[in-house]
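Only heavy atoms go into these numbers, but all of them, side chains included; no hydrogens, no water, no symmetry mates. Numbers here simply count residues along the sequence, with the first being 1. If you're wondering where the values come from, they're calculated on a predicted model, not measured in any experiment.
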Amino acid sequence: MLRRLAQLLLLASLAPAGSAAFAQSGGAQFELGMQGAVVAQAWNPLRLVLRDLPPVELEVVFDQGTLRSGPILTTYTASVAASRGVRVFEDELFVPDWRSIAWTVRSPDRTVASGTLNPRQRDSRPLTLLVSSVPGSWLPSLPDDARPHEMAASALPSSAAAYAGVHALLIDGTAAAPSVESVAAAAGAGVVVLLTEPLPATHSDLAELVEAGPLRLGAGWLVPVRSEQVGQALTSFAGFPVASLAGELAAAHPQELPPVLSRITITAAGALYALLVLVLLRFGGDAGLPAALVVAILAAGAGWSLLRPERPLLEESRAVVVAAGGLGVSLDTLALRSLPGGTVQLGRPMRLLGRSSFAVGTLGTRLPMARWQRAILTGRPVLATGSLGWEGELLVNRGERALTGVLVVGVGPQLPLAPDEERRAVPAEEGWLPESYTSLLSYLPEGTALASDGRRVLVALPPFGGEL
């Protein structure tokens, strides 16, 4: 009885029309999340529909603060051109673990529309999207902690970042067929795509993708299932945690701080300066005081030139690409350390790991940093083609750069791969590993290949291996 009641409550949650993430007012329609379903701690699609409006600015403010810490604000801004008729603006926005969300659409002379999201809707559980004309029929097959959400095939996005908060996508063939591009984007981003068998002829393009059984594609899976296998598949398959891997990669490489003078050197210089000032004041007569001031100014200039860092901001940029089945997802990481403190301007939208106020928009990221503060940021996940990959039992390099530091988990280190080279992995004893691999190995299944092209860490997942 309790399970049936829970299923009825879940069924009620499938309708997005009442979600506070979906609002319309004054010629502006705002939507955050997958048709109004917002996932905290993940990138979410954002959609703004304008009707007959002058140029406007959209502002979304997230407050992560507490009563003890006070406000911790993340501010997103975007400028949208004038709309004659209907204009649609779409983007992806990282939604932190928020206490409140407020959005505003402003024209040069007035506030066009505004709204808030109910904090009770905060939920970090990933979504299980149901592309079906009878979504309620699948509720008994879902795990108890699942978060189902009905989704129209035409509304499925085709960008990897939009699927960051999605665990699974179920397509049963009873509704319109989604585009292959949307399904590939979902799987590439790390979503488990379940295709129920048999699919109708209208879904033939999707059925062809899984003729050989479960297949890794990018960081996710394409899995053909029978109706009675849906629940088992949802617990047996999981997308690869690309964001966690990228965060580990960035955190594992602290920047080397600029060299400073030793304490003995600074103490000796300070003692010499004090002695010189005392001598000038004692024996310099009327000229002693001006001479002491000149010495103080010269000493301050010399100390600043010797102790100041060469650069006010230390940056270390890395990227990780996770690929399988010919498709990959790429994620940029950036580790910063601000030596004097100030505001850092970055030329692309990024997510800050940790709790701190900052501003982000379509043109970049603005991050206030205190003196000696360290910050780690990651970019949006984007679809990519990995140079490193598996073709049958062959490890191949399809890029234009030689790959070094080649390692196959469970097999051992391998020789470097030249461009367009392919060969079998040869068992080898454990040897030296690049420092960047140490924190990554716990995430990688057996048969995963790792390599570096000098700019990126490439991860090639084994294309097969999942079973029902």
Side-chain angles (χ1 to χ4, degrees), residues 16-65 69-122 155 157 159 161-162 164-165 342-352 355-369 377 379-380:
S19 172
F22 178 89
Q24 182 174 356
S25 175
Q29 178 179 304
F30 175 85
E31 181 181 299
L32 182 62
M34 286 286 190
Q35 289 190 323
V38 181
V39 181
Q41 292 293 87
W43 292 88
N44 285 250
L46 179 150
R47 180 181 173 90
L48 179 67
V49 181
L50 304 174
R51 293 176 176 82
D52 298 319
L53 288 174
V56 298
E57 181 176 85
L58 169 65
E59 180 182 79
V60 186
V61 179
F62 304 89
D63 186 358
Q64 304 177 69
S69 68
I72 300 177
L73 305 180
T74 299
T75 305
Y76 169 88
T77 56
S79 297
V80 186
S83 58
R84 292 185 177 180
V86 177
R87 184 178 184 87
V88 179
F89 170 79
E90 294 181 315
D91 201 2
E92 292 86 31
L93 172 61
F94 185 84
V95 176
D97 190 12
W98 49 279
R99 185 179 70 175
S100 66
I101 299 179
W103 61 272
T104 307
V105 178
R106 298 187 182 93
S107 68
D109 57 350
R110 66 187 178 97
T111 296
V112 175
S114 63
T116 61
L117 269 68
N118 190 337
R120 294 181 180 180
Q121 291 189 298
R122 183 178 60 233
S159 65
T343 299
V344 177
Q345 299 278 356
L346 303 174
R348 59 189 186 276
M350 302 196 80
R351 165 207 173 185
L352 175 67
R355 289 174 178 261
S356 183
S357 296
F358 73 104
V360 64
T362 54
L363 300 179
T365 304
R366 187 171 69 254
L367 175 65
M369 296 186 68
L377 303 97
R380 294 172 179 164

Quick check against the 3.5 Å criterion: does [X] have a side-chain atom that pairs as donor or acceptor with the backbone of [Y]?
{"X": "Asp52", "Y": "Gly85", "result": "yes"}
{"X": "Asn44", "Y": "Val39", "result": "yes"}
{"X": "Gln41", "Y": "Asp97", "result": "yes"}
{"X": "Arg348", "Y": "Gly379", "result": "no"}
{"X": "Arg355", "Y": "Gln64", "result": "yes"}

Please check if atom CZ in Arg366 has more than 12 non-hydrogen atoms from other residues, nucleotides or ligands closer than 6.0 Å. no

For the atom pair [atom1] ([X]) and [atom2] ([Y]), what is the distance rounded to the nearest 0.5 Å?
{"X": "Arg380", "Y": "Asp91", "atom1": "CZ", "atom2": "CG", "value": "4.0 Å"}
{"X": "Arg87", "Y": "Leu53", "atom1": "CZ", "atom2": "CG", "value": "11.5 Å"}
{"X": "Thr365", "Y": "Leu346", "atom1": "OG1", "atom2": "CG", "value": "5.5 Å"}
{"X": "Gln35", "Y": "Arg47", "atom1": "CD", "atom2": "CZ", "value": "9.0 Å"}
{"X": "Arg51", "Y": "Gln29", "atom1": "CZ", "atom2": "CD", "value": "5.5 Å"}
{"X": "Leu367", "Y": "Thr343", "atom1": "CG", "atom2": "OG1", "value": "8.0 Å"}

Hey, are the side chains of [X] and [Y] touching, using non-hydrogen atoms and a 4.5 Å cut-off?
{"X": "Leu73", "Y": "Phe62", "result": "no"}
{"X": "Leu117", "Y": "Trp98", "result": "yes"}
{"X": "Phe94", "Y": "Thr74", "result": "no"}

Taking all heavy atoms of [X] and all of [Y], pick out the closest pair and write down the distance.
{"X": "Glu31", "Y": "Gly36", "value": "CG-N, 3.8 Å"}
{"X": "Met369", "Y": "Val344", "value": "SD-CG2, 3.5 Å"}
{"X": "Thr362", "Y": "Pro349", "value": "O-CG, 4.0 Å"}
{"X": "Met34", "Y": "Pro45", "value": "N-CG, 4.0 Å"}
{"X": "Pro157", "Y": "Ala162", "value": "CG-CB, 3.5 Å"}
{"X": "Leu50", "Y": "Ala28", "value": "CD2-CB, 3.8 Å"}

What's the verdict on side-chain contact (heavy atoms from CB on, under 4.5 Å) for Trp103 and Leu32, showing C-alpha distance, side-chain angles and the deciding distance? CA-CA 10 Å; Trp103 61 272; Leu32 182 62; over 6 Å; no

